[in-house]
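To start, the structure under review is shown below, and the notes come after it.
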Amino acid sequence: MNSLKNIFTILFLGLALFSCEKAKTKKRTDEVTANNQVENKHTKVISDSTNTLTDKVENLELEYTVWGCACPQWIQSKDNENSDTTKNYLKRHFYIEPADKALELPLYFDAFRHRLKVTGQFYEREDYPQGTIEMEEPMPRAKVFRYTKFEVIDNPNFKPESKVETLTLIYNAISCSCAQWSETRKSKNIDTKQNYWLEPANEKLINADTLFNGENLPIIIKVTGQVVSENGFPKKDLVKTGQDEAGKVFRYIKIEVMQNGQKKNGR
């Protein structure tokens, strides 16, 4: 009797363990299936690969509208003169798409300070930029402009909130692709030193960042202008710079070289 009882006990425990493992396996399978469904949902391409370009090549001047939604955010400057929030205004916005990765917008592009001049064509049908992945927030279809050439230009309507001031700055020669200029009166105190990115207001001005030749320290300049961004970048090639290097951008309208290495007053 004891032997028979032991056999039943072993069989019962075995069935219990089997049922438990089966339940665990089902749970893992369900979790994997659910994760795959979520992953597939967010890797689904929603743009139409069969959409074709119109024959008309156009040159447009564009502005970026900062919406709080996943929607088309570009509008022609001429259509943005009397901006409002009506449905008609929203309908004037569209998506843009670079012809290749080399044409992606630079790090320094600022939606408030800059505009774009682009050359390209619209697609025939309203759609999304090619390769657009489905997101949780639905995106409306809209016109898509594919550009093969672009230029970042200053937005004439941008008005800096900071005052015009004159700063005396020293070049720090930091071994990084980051903001290199700081006020001389603070340069000895690391805790209070404020580094600036510098941007000339026009091409006729000396580009302060080209003054350093690897040996000619110290470099001291006096610049007059305004802070145009508290957390941005100057309009220049920033290939090796990361988003974490964003900082104050000082656009100057006047520059004087006070000291260039051992030379005084730039001579």
Side-chain angles (χ1 to χ4, degrees), residues 42 45-48 51 53-54 56-162 197 199 201 226-236 238 241-249 251:
H42 297 295
V45 176
I46 58 176
S47 55
D48 182 0
N51 205 352
L53 297 168
T54 63
K56 185 179 180 181
V57 176
E58 301 181 63
N59 295 301
L60 309 179
E61 184 175 298
L62 310 179
E63 295 180 21
Y64 186 93
T65 302
V66 182
W67 302 117
C69 64
C71 47
Q73 294 177 305
W74 294 92
I75 186 171
Q76 292 195 59
S77 296
K78 66 179 184 179
D79 291 334
N80 200 32
E81 292 176 356
N82 298 311
S83 60
D84 55 52
T85 55
T86 64
K87 186 175 181 180
N88 184 50
Y89 177 67
L90 295 174
K91 277 288 187 180
R92 293 176 182 173
H93 287 76
F94 50 88
Y95 300 108
I96 65 172
E97 168 191 308
D100 59 64
K101 288 188 176 181
L103 294 170
E104 291 180 350
L105 297 187
L107 182 65
Y108 63 76
F109 179 81
D110 185 311
F112 300 101
R113 293 196 290 134
H114 300 138
R115 289 179 177 178
L116 281 186
K117 282 187 175 181
V118 291
T119 299
Q121 298 152 275
F122 280 103
Y123 280 92
E124 293 279 2
R125 301 187 300 277
E126 290 190 347
D127 194 21
Y128 309 101
Q130 291 297 311
T132 298
I133 303 298
E134 183 180 28
M135 300 188 299
E136 290 186 8
E137 182 180 351
M139 294 175 63
R141 281 188 171 84
K143 295 174 68 176
V144 181
F145 188 82
R146 184 176 187 267
Y147 63 90
T148 56
K149 181 181 178 182
F150 81 91
E151 178 187 359
V152 178
I153 61 174
D154 292 332
N155 185 342
N157 296 326
F158 172 72
K159 305 297 181 187
E161 295 181 358
S162 61
W197 290 102
E199 178 182 288
Q226 293 169 277
V227 172
V228 293
S229 176
E230 291 289 340
N231 191 42
F233 298 93
K235 193 164 65 173
K236 58 179 286 189
L238 295 165
T241 304
Q243 187 63 52
D244 57 338
E245 298 291 355
K248 281 193 175 185
V249 180
R251 180 189 291 164

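As a basis for the values below, the full set of heavy atoms in this structure was taken, side chains included, without hydrogen atoms, waters or symmetry mates.
- Tyr123 OH to Arg146 CZ: the interatomic distance, rounded to the nearest 0.5 Å, is 5.0 Å.
- Between Phe122 and Phe94, the angle of the ring planes goes over 60°, which puts this pair in the perpendicular group of the 30/60° scheme.
- Atoms CG and CZ, on Asn80 and Arg92 in that order, are 9.0 Å from each other to the nearest 0.5 Å.
- Not a single donor-acceptor pair under 3.5 Å links the side chain of Tyr64 to the backbone N or O of Phe109.
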For a side chain to side chain contact (heavy atoms under 4.5 Å, CB included) check, start with the C-alpha distance between Leu90 and Trp67, then their side-chain angles and the critical distance, and finish with the verdict. CA-CA 10 Å; Leu90 295 174; Trp67 302 117; 3.3 Å; yes

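- More than 12 heavy atoms of other residues, nucleotides or ligands sit less than 6.0 Å from atom CD of Glu137.
- Counting heavy atoms from C-beta outward, Val152 and Leu116 have side chains that approach closer than 4.5 Å.
- Distance check: Ile153 CD1 to Leu62 CG gives 9.5 Å after rounding to the nearest 0.5 Å.
- Residues Pro140 and Tyr95 form a side-chain contact, since some pair of their non-hydrogen atoms from C-beta on lies under 4.5 Å apart.
- For Lys235 and Glu199, the salt-bridge test fails: no basic side-chain N is under 4.0 Å from an acidic carboxylate O.
- Judged purely by atom type and a 3.5 angstrom limit, Trp197 uses its side chain to pair as donor or acceptor with the backbone of Glu245.
- Residues Asp48 and Asp127 approach most closely at N-OD2, 2.9 Å, considering heavy atoms.
- Ile96 is not listed as a side-chain neighbour of Phe150, based on a closest heavy-atom distance of 4.5 Å or more.
- Atom-to-atom distance recorded for Asn51:CG and Arg125:CZ is 4.0 Å, nearest 0.5 angstrom.
- Remark: Leu105 CG to Asp110 CG distance equals 12.0 Å, nearest 0.5 Å.
- The two residues Val227 and Pro160 have their closest heavy-atom pair at O-CB, 3.9 Å.
- You'll find the side chain of His93 stays beyond 4.5 Å of the side chain of Cys71, heavy atoms only.
- By the 4.5 Å heavy-atom criterion applied to side chains, Phe158 and His114 are not counted as neighbours.
- At least one side-chain heavy atom of Thr54 sits under 4.5 Å from a side-chain heavy atom of Glu124.
- Remark: the backbone N or O of Thr119 is not paired with any side-chain donor or acceptor of Glu58 at under 3.5 angstrom.
- A 4.5 Å side-chain heavy-atom check between Gln73 and Val66 finds every atom pair outside the cut-off.
- Between Tyr128 and Arg141, the closest side-chain pair of non-hydrogen atoms falls below 4.5 Å.
- Judged by distance alone, with hydrogens and angles left aside, the side-chain atoms of Tyr147 form a donor-acceptor pair with the main-chain N or O of Leu103 at under 3.5 Å.
- The closest side-chain donor-acceptor pair between Tyr89 and Asp79, if any, does not fall under 3.5 angstrom.
- Here the NZ-CD distance, from Lys117 to Glu151, works out to 5.5 Å after rounding to the nearest 0.5 Å.
- Panel note: side chain Ser47, backbone Gly131; a donor-acceptor pair is recorded below 3.5 Å.
- A distance-only check finds a donor-acceptor pair linking the side chain of Glu97 to the backbone of Gln130 [under 3.5 Å].
- Ser77 and Glu63 share a donor-acceptor pair across their side chains, judged by distance under 3.5 Å alone.
- Put simply, the side chain of Gln226 gets close to the backbone of Ser162: a donor and an acceptor are under 3.5 Å apart.
- Ion pairing of Asp154 with Arg251 is present here, as a side-chain N (NZ or NE/NH1/NH2) and a carboxylate O approach within less than 4.0 Å.
- A donor-acceptor pair under 3.5 Å is absent between the side-chain atoms of Gln121 and the main chain of Leu53, judged by distance alone.
- Take Lys248 and apply the side chain to side chain donor-acceptor pair (under 3.5 Å) test, not counting sequence neighbours, and it matches no residue.
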